[in-house]
Amino acid sequence: MHVGHPLGYIASDVVARFKRLQGFNVLHPMGFDAFGLPAEQYAIETGQHPAVTTDKNIERYKEQLKNIGFSYDWDREVKTCDPNYYKWTQWIFLKLYDSWFNPKTNKAESIDNLITLYEKGKKNQFGKPWNELTETEQQKELTQHRLAYKDESYINWCEALGTVLANDEVVNGVSERGGHPVERKLMSQWFLRITKYADRLLEGLETVDFSDSLKEMQKNWIGRSEGASVNFKLAEHPDNVVVFTTRPDTIFGVSFMVLAPEHPLVAQITSNEQKTTVADYVNYCKSRSELERKSETKEITGAFTGAYVQHPFTGKNIPIYVAEYVLMGYGTGAIMAVPCGDSRDHAFALKFGISIPNIFEGVDVSEKAYEEKTGKIANSSCDWFSIDGLTVQEAKQKVLEKLEDLEIGTKQINYRMRDAGFSRQRYWGEPFPISYKNEIVVADSLENLPITLPEVKSYKPSGDGKSPLSTIPEWVNMSNGNIRETDTMPGYAGSSWYYLRYMDPQNPDAFCEKQKSDYWQQVDLYIGGAEHAVGHLLYSRMWCKVLHDLGYINFDEPYKKLVNQGMITGPSQIIWRYNGTSDESKHSIWNTMPKIVNDIFNERYFIPFDKMYPIFFSSELIEKHETLRSNSSQLYIPIGNPDENKIVDINELYNYSIEKFEGVYVTEDGIFYKQRWIRNVGTPKFLSTLIENEKLSKSKLNTINPDDIVRSYGADAFRMYEMFLGPIEQSKPWNTKGIDGVSRFIKRFWDYCIDYDGTVLLNNEPANEASLKIINRILNKTKEDIEKYSFNTCVSSFMICLNELQAQKCRNREVFEKFLIMLSPFAPHTAEELWHRTGNTSTIIDAVYPSINEKYLKDSTFNYPISINGKTRTLMLFPNDASENDIKKAVLADTTVQKWIEGKTVKKFIFVKERIVNLVV
RNA sequence: ACCCGGGUGGUGGAAUCGGUAGACACGCAGGACUUAAAAUCCUGUGGCUUUGCGGCUGUACGGGUUCAAGUCCCGUCCCGGGUACCA
């Protein structure tokens, strides 16, 4: 754990404790999403069972959490890898499998409802009555509708590692580990039909309190676009080309069609003359990796098929091309190209010499496409139809209606989001409660759950693309002759519903009793990182909707309010290592880089070395010499204090790790090698480094362990400082020095209440008006600020409050007890201890947030800033009930004001009650 | 390229509806206490200018609206995040 992790936990703990003080019944749990790759990877490396290492890690993490004083209800702890938990993950999966999305009711229903519909005569893909279909055929049909279903899909297959890789294990087209080639391989996989929920996931966003950026990310991910599908009749061929377009208004601007290279029509329609060209091109596309297709976006490639479609309005022949810029996976894999309105089509037209008809009024499209959606349509008519002079919106509508009239197009909505892949060829995940009988899916019955993860000899992948489970014949081959599914579920399975389990963590008979979820309802506050924006958050929203549709819970959004905590960044320290090839860096720095040494020291210098060493450069040299920078790589170092200076002792580096840091150091002062200067100008042995503020991370060696902070400053100072750093959503740098401020505050608070000898310094005298005023105001501000998650300003207010009470010499118990209660969510240990020392016997956790006396929130006077032409010149105190006229008289008579308006006329007197007075002269 | 955030002293940040910019801290400087140091306390601290009072200027940059702009509008630049041949 590093200091970035607890930020959100502290914020939610403050809210939990505060709500408790206000009398709420607060559910504040913690749990562990413990299945997944890191544990499995570790198991492969060490041979230890992931369950063992996971438990160990959880224990360690809990220890660290407890060290910070969180008020978690540990009785509600959940672990997604616990069979008592994943029993219900499997149960929900079976519910998904046994449900379909009914478009008529717009919700999930039992698959039995669908079967009934088929029995009543609903059409199926085989064109036969339902009861005449074989079981395989029936299942095939139902598979098209189940919310969890099996389908063929491409995975990242790495032959060298003999395993399937997750997307983030593939970097630049090769495996992250070892850099082996990765290919796309078709495999049968489980999917969740989340696309059916696309619209409800979008609509649901309107009902929840998430940040704009997060909502935006989810919207982009779902990628809803409204448009039309249009049939273009092929010339001299019975088939149609079906395209999807968001701009039906540009239909008269179409000058060519493009099919994706994988499009099934390509082979059928290509003319004889073009056969070789197209085949070559398609092969070329196949040979190109995902990476190449992504990175080389400027290169325009394509081939003419020799075939044409007929324009539905003008009847003109339009050529059909194949090009890789059209993707098979989006829309229909075919587009109508409008070069005047789309920059990619424009570039393609220029390259292949295709005409660029202009359909926009008063716009020049010869150089680039006009992609704005404003202006009017022109040149868009035939004998029997015209949209000339219409706006984009009007034209869209009119074309769409006509297409529907002609029965060659319909309104269509397309989504970027795909169904979610739900299979992993891994060990450390939930087993599927699924087996196969003659290739037909058989779901385990609910009573048989959980299907527990069996012991396995090796956690290594099986080598043939299957999970390690496939290597256990006694598990795979069931007693009834069925074959078990050997894939496991992905990380987001368990995390999609854990908030429900917190409400009823021990229940052996239900994932969560309905009464319990009815009582607790949605999660009121969920604080988490933005990295889950489109994965976990979307999936859990979908699961919630399904469980709601099926009647298991009565809300259909899991999280009412979601706050994304910002990253905490920290200074990392970097040195530079020269990337000389082995050839050139033999034995001498002179041989290696004569030019550079010459540049730096203005002389040729030769140093014989007894072996080859890495060469490290001081940062200031890197900044001055471009050749050095481009030939050097950055290396994070673990020593020195980046808070204080940008230099590091070279000897210290040596001592830290001879293996890593023994080498030749080149600085402005000379060359340092084997702990002495070879060429020096007599200055200390320091190397200047580069300091970067970056996300805290092990690899950057800039993490700060909260245990260390707690040890030297205490948990309360640590908690308060994390809150004091700045707004919770913002990313901000950690500076250990800054913690002194809150640490001093806590000490000052203590010392003000308790004397050296332990005597309580508070008295029982009644508090004066001034003290009551400040404490009531801060009580009010703290309440307001916590409610808007502005924790940093709460901490400031506490400091202001103490400063003020000290200045007043206020030591009334009455005032300070209120202060302690207000402070307790932030600094629970200090508050609790002082609470007892000042004579209370119950815990401060059970205290009640003090009621606020409204009369102290308002002053009877206001100190008006008096400005002349908008610039404040003086301040004048007036009672709140003073009339504007009286104030005007007094202001005009004031000597400072007199000085500024002397010889000028006052044109206007602006008076805003309890805000400002402004004179315009 | 597109879509979201954001840009305020040396640093983290504050500023409710457009109404005293820089609260509260860190750091720094000076002082007190101490044989000394640490700790603690006091004073000062955006920049320029002035002996002082004060004046000018100032919220990335350029415009605009307004009696009044960190805040609203238009344009530009920079930083962070997300997405991407998405038709």
Side-chain angles (χ1 to χ4, degrees), chain A residues 211-221 223-225 227 243-247 250 258 260 293-301 323-327 329-338 341-345 347-348 371 414-417 530-531 533-534 564 566-567 569 643 695 721 724-727 729-745 747-748 751 781 784-785 788 790 792-803 863-875 896 899 907-912 914-921:
Chain A
S211 71
D212 287 345
S213 67
L214 196 129
K215 285 186 180 181
E216 204 59 35
M217 273 189 235
Q218 296 210 344
K219 279 180 197 161
N220 288 342
W221 185 261
R224 183 182 201 271
S225 53
V243 304
F244 173 73
T245 177
T246 54
R247 296 288 304 272
T250 62
V258 187
R293 289 181 70 164
K294 269 185 188 166
S295 59
E296 294 168 32
T297 57
K298 274 142 219 138
E299 176 88 15
I300 301 151
T301 63
E324 62 174 344
Y325 82 89
V326 173
L327 309 173
Y330 186 78
T332 60
I335 61 160
M336 58 176 224
V338 182
D342 181 288
S343 55
R344 290 155 306 170
D345 297 346
F348 193 88
E371 292 185 311
N414 214 358
Y415 300 93
R416 195 187 81 95
M417 181 171 66
E531 68 271 21
V534 290
N564 283 129
M567 276 184 325
T569 60
D643 280 349
K695 184 182 169 151
Y721 183 54
F724 188 60
L725 275 176
E729 307 94 330
Q730 210 167 291
S731 93
K732 53 226 157 217
W734 176 271
N735 178 352
T736 302
K737 266 192 184 154
I739 200 172
D740 283 337
V742 287
S743 175
R744 278 175 205 155
F745 164 79
K747 278 187 198 143
R748 218 147 44 83
D751 290 345
K781 180 166 169 56
E784 285 175 359
D785 285 355
K788 55 183 193 202
S790 174
N792 54 330
T793 51
C794 289
V795 180
S796 305
S797 307
F798 299 155
M799 291 170 172
I800 292 169
C801 191
L802 181 63
N803 290 348
N863 206 8
Y864 283 87
I866 312 297
S867 49
I868 285 110
N869 288 341
K871 281 183 183 146
T872 306
R873 296 302 177 183
T874 186
L875 294 173
T896 318
K899 200 181 81 187
K907 281 197 237 160
K908 218 167 169 185
F909 180 86
I910 290 146
F911 170 76
V912 183
E914 285 164 57
R915 283 248 176 250
I916 204 163
V917 170
N918 190 15
L919 302 182
V920 186
V921 302

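Per chain, numbering begins at 1; letters A, B, ... match sequence-line order.
In terms of the side chain to side chain contact (heavy atoms under 4.5 Å, CB included) criterion, residue partners of A:Arg873 (sequence neighbours excluded) are, by chain and number, A:Ile868, A:Lys871, A:Trp900.
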Taking only N/O atoms, report every protein-nucleotides 66-73 of chain B pair under 3.5 Å with atom names and distance.
| residue | atom | partner | partner atom | Å |
| --- | --- | --- | --- | --- |
| B:rC67 | O2' | A:Asn918 | ND2 | 3.3 |
| B:rC67 | O2 | A:Asn918 | ND2 | 2.6 |

Do any N or O atoms of the protein come closer than 3.5 Å to N or O atoms of nucleotides 11-17 of chain B, and which pairs are they?
| residue | atom | partner | partner atom | Å |
| --- | --- | --- | --- | --- |
| B:rG12 | O2' | A:Leu725 | O | 2.5 |
| B:rG13 | OP1 | A:Gln730 | NE2 | 3.0 |
| B:rG13 | O3' | A:Asn792 | ND2 | 3.3 |
| B:rA14 | OP1 | A:Asn792 | ND2 | 2.9 |

Please tabulate the protein-to-nucleotide N/O contacts below 3.5 Å involving nucleotides 3-7 of chain B, giving atom names and distances.
| residue | atom | partner | partner atom | Å |
| --- | --- | --- | --- | --- |
| B:rC3 | O2' | A:Glu216 | OE2 | 3.2 |

N/O to N/O distances under 3.5 Å, protein versus nucleotides 42-51 of chain B:
none

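Looking at heavy atoms from C-beta onward, A:Leu802 lies in side-chain contact with A:Arg748 at the 4.5 angstrom threshold. Side-chain contact between A:Phe798 and A:Val742 is absent, with no heavy-atom pair separated by less than 4.5 Å.
A:Arg224 comes within contact range of no nucleotide atom at all, as no heavy-atom separation falls under 4.0 Å. Within the nucleic acid shown, A:Lys747 has no heavy atom closer than 4.0 Å to any nucleic acid atom. Backbone-only engagement by A:Asn803 is indicated by non-hydrogen atom pairs under 4.0 Å involving sugar-phosphate atoms exclusively.
Distance check: A:Thr793 OG1 to A:Lys788 NZ gives 6.5 Å after rounding to the nearest 0.5 Å.
Spacing between atom CD1 of A:Ile300 and atom P of B:rC85 amounts to 16 Å, rounded to whole angstrom units.
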### Summary
Base-pair string, RNA chain B, Watson-Crick plus G-U, cut-off 3.5 Å on both distances, | for inter-strand, is (((((((..(((......[....)))((((((.......))))))((((....))))..(((((..]....))))))))))))....

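Base orientation of B:rC17: syn, the glycosidic angle falling within 90° of 0. Glycosidic torsion of B:rG10 falls outside 90° of 0, placing the base in anti.
In A:Lys219, the NZ atom is crowded: over 12 heavy atoms of neighbouring residues, nucleotides or ligands sit closer than 6.0 Å.
Nearest-nucleotide mapping onto RNA chain B: of A:Lys899 and A:Val742, the residue sitting toward the 5' end is A:Val742. Annotation: of the two residues near RNA chain B, A:Ser867 and A:Met799, the 5′-most nearest-nucleotide partner is A:Ser867.
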